[in-house]
Amino acid sequence: RIRTLAFLTLAAGFLCGSGCSTTEIGPGAGNRGVAPRLQAPEDPVDLAYLGLAEGRTGFSVNEIEAEILIIEIFDMYCHYCQSSAIGCNAMFEMMAWKAPDRVVKMLGVGSGNTPLELETFRSEYDVPYPMVADRAMSVALWLENKKIPALIALRKTDGQFRPYLRRVGTVSVGAAESFLERALEP
């Protein structure tokens with residue numbers, strides 16, 4: 001039992017990286033293959049925000065109507081992810097006044113989470129932006145992201161989103177503002 005507990009504690013520490021860093025992503029890096037298909041949100045408001053038609057059951061990240069897409073990758077059981085909810089919510093609110101003339105969207109991806117776990121997290125932390133469950137962790141694999149929480153900024157080029165900025169670690173309100181400012185740079 002002690003070995004199992006020690007292993008789980010070590011694994012959780014590795015996956016929920018407490019070390020914070022923001023890094024530029026070079027061309028061709030952090031984008032493995034075709035964008036994964038995800039279960040579409042059920043809420044018509046979320047679908048409209050993402051530019052997806054009502055009644056859809058699935059979608060590809062590349063179908064989201066945006067110039068810049070910021071993806072938050074989290075796990076509802078990760079303490080650092082829970083602590084980051086306030087910063088991520090603040091960043092979503094900042095997007096409206098920091099980039100009023102640009103189409104910037106935000107999507108939360110519950111990596112390894114079920115739809116029920118995702119809704120619990122969204123309700124508990126009053127998340128105002130769309131979130132989708134990604135039980136298979138396909139978005140994290142596609143973006144070559146190994147730690148959570150993570151913010152990844154993607155820019156759409158030729159109909160495909162390409163990552164160019166990543167932040168790993170707890171997201172405070174100040175860190176969220178700094179990340180957003182860098183993500184909005186030309």
Side-chain angles (χ1 to χ4, degrees), residues 1-23 25 30 32 35-43 45-46 49-50 57-61 64 69-95 105-154 163 165-180 183:
R1 289 182 147 202
I2 292 174
R3 282 186 190 169
T4 303
L5 181 58
F7 173 76
L8 291 174
T9 303
L10 180 62
F14 175 73
L15 290 174
C16 296
S18 61
C20 301
S21 66
T22 302
T23 57
I25 300 174
R32 216 183 255 190
R37 290 199 61 78
L38 299 166
Q39 182 176 344
E42 293 180 10
D43 186 346
V45 173
D46 287 348
Y49 170 80
L50 295 172
T57 56
F59 72 102
S60 164
V61 172
I64 295 173
L69 175 63
I70 296 175
I71 294 181
E72 172 201 13
I73 299 178
F74 72 96
D75 178 346
M76 78 163 280
Y77 298 106
C78 166
H79 171 70
Y80 299 110
C81 301
Q82 295 165 4
S83 299
S84 295
I86 292 171
C88 291
N89 288 350
M91 181 168 57
F92 177 74
E93 300 300 327
M94 286 181 230
M95 287 167 48
K105 303 278 175 89
M106 188 164 174
L107 177 68
V109 177
S111 193
N113 295 150
T114 65
L116 178 61
E117 291 168 327
L118 182 84
E119 284 307 313
T120 300
F121 184 92
R122 190 172 187 186
S123 174
E124 179 72 24
Y125 297 101
D126 200 26
V127 177
Y129 49 90
M131 302 187 105
V132 294
D134 185 14
R135 186 87 174 135
M137 297 188 257
S138 58
V139 172
L141 292 171
W142 175 59
L143 295 172
E144 298 178 357
N145 193 74
K146 294 178 175 80
K147 290 190 175 189
I148 52 174
L151 292 173
I152 301 170
L154 301 98
L165 186 66
R166 176 188 329 262
R167 177 179 185 13
V168 175
T170 306
V171 181
S172 65
V173 173
E177 184 173 19
S178 175
F179 181 85
L180 181 60

message = Using a 3.5 Å distance criterion without hydrogens, assess whether the side chain of Ser83 forms a donor-acceptor pair with backbone atoms of His79.
response =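 Judged by distance alone, yes, a pair lies under 3.5 Å.
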inquiry  = Under the rule for salt bridge (charged side-chain N to carboxylate O under 4.0 Å, His left out), what residues qualify as partners of Asp43, not counting sequence neighbours?
reply    = none
Can you tell me how far the [atom1] atom of [X] sits from the [atom2] atom of [Y], to the nearest 0.5 Å?
| X | Y | atom1 | atom2 | answer |
| --- | --- | --- | --- | --- |
| Glu119 | Thr114 | CD | OG1 | 10.0 Å |
| Trp142 | Ser60 | CH2 | OG | 7.0 Å |
| Met91 | Ile70 | CE | CD1 | 4.5 Å |
| Glu177 | Glu93 | CD | CD | 13.5 Å |
| Asp75 | Asp134 | CG | CG | 11.0 Å |

query = Step by step, would you call Leu154 with Leu143 a side chain to side chain contact (heavy atoms under 4.5 Å, CB included)?
reply = CA-CA 10 Å; Leu154 301 98; Leu143 295 172; 3.7 Å; yes
Would you mind reporting whether [Y] and [X] have side-chain heavy atoms less than 4.5 Å apart?
| X | Y | result |
| --- | --- | --- |
| Leu107 | Pro130 | yes |
| Leu180 | Met95 | yes |
| Pro128 | Asn89 | yes |

Looking at every non-hydrogen atom in both residues, tell me the closest pair between [X] and [Y] and how far apart they are.
| X | Y | value |
| --- | --- | --- |
| Ser84 | Pro149 | OG-CG, 3.6 Å |
| Phe121 | Ala85 | CZ-CB, 4.4 Å |
| Ile152 | Pro163 | CG2-CB, 3.8 Å |
| Pro41 | Leu50 | CG-CD1, 4.1 Å |
| Phe179 | Arg166 | CE1-C, 4.0 Å |
| Val168 | Lys147 | CG1-CB, 3.6 Å |

message = Taking side-chain contact (heavy atoms from CB on, under 4.5 Å) as the criterion, tell me which of Val171, Asn145, Ile71 meets it with Leu151.
response =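 Of the listed residues Val171, Asn145, Ile71, the side-chain contact (heavy atoms from CB on, under 4.5 Å) partner of Leu151 is Val171.
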ask   = Looking at Met137, Met76, Arg135, which hits side-chain contact (heavy atoms from CB on, under 4.5 Å) with Asn113?
value =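 Answer to the side-chain contact (heavy atoms from CB on, under 4.5 Å) test with Asn113 among Met137, Met76, Arg135: Met76.
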inquiry  = Using side chain to side chain contact (heavy atoms under 4.5 Å, CB included), reason through Leu38 and Ser138 one step at a time and then give a plain yes or no.
reply    = CA-CA 9 Å; Leu38 299 166; Ser138 58; 4.0 Å; yes
note = Contacts of Phe92 meeting ring pair (Phe, Tyr, Trp, His ring centres under 6.0 Å) (sequence neighbours excluded), chain-then-number -> Tyr49, Tyr129
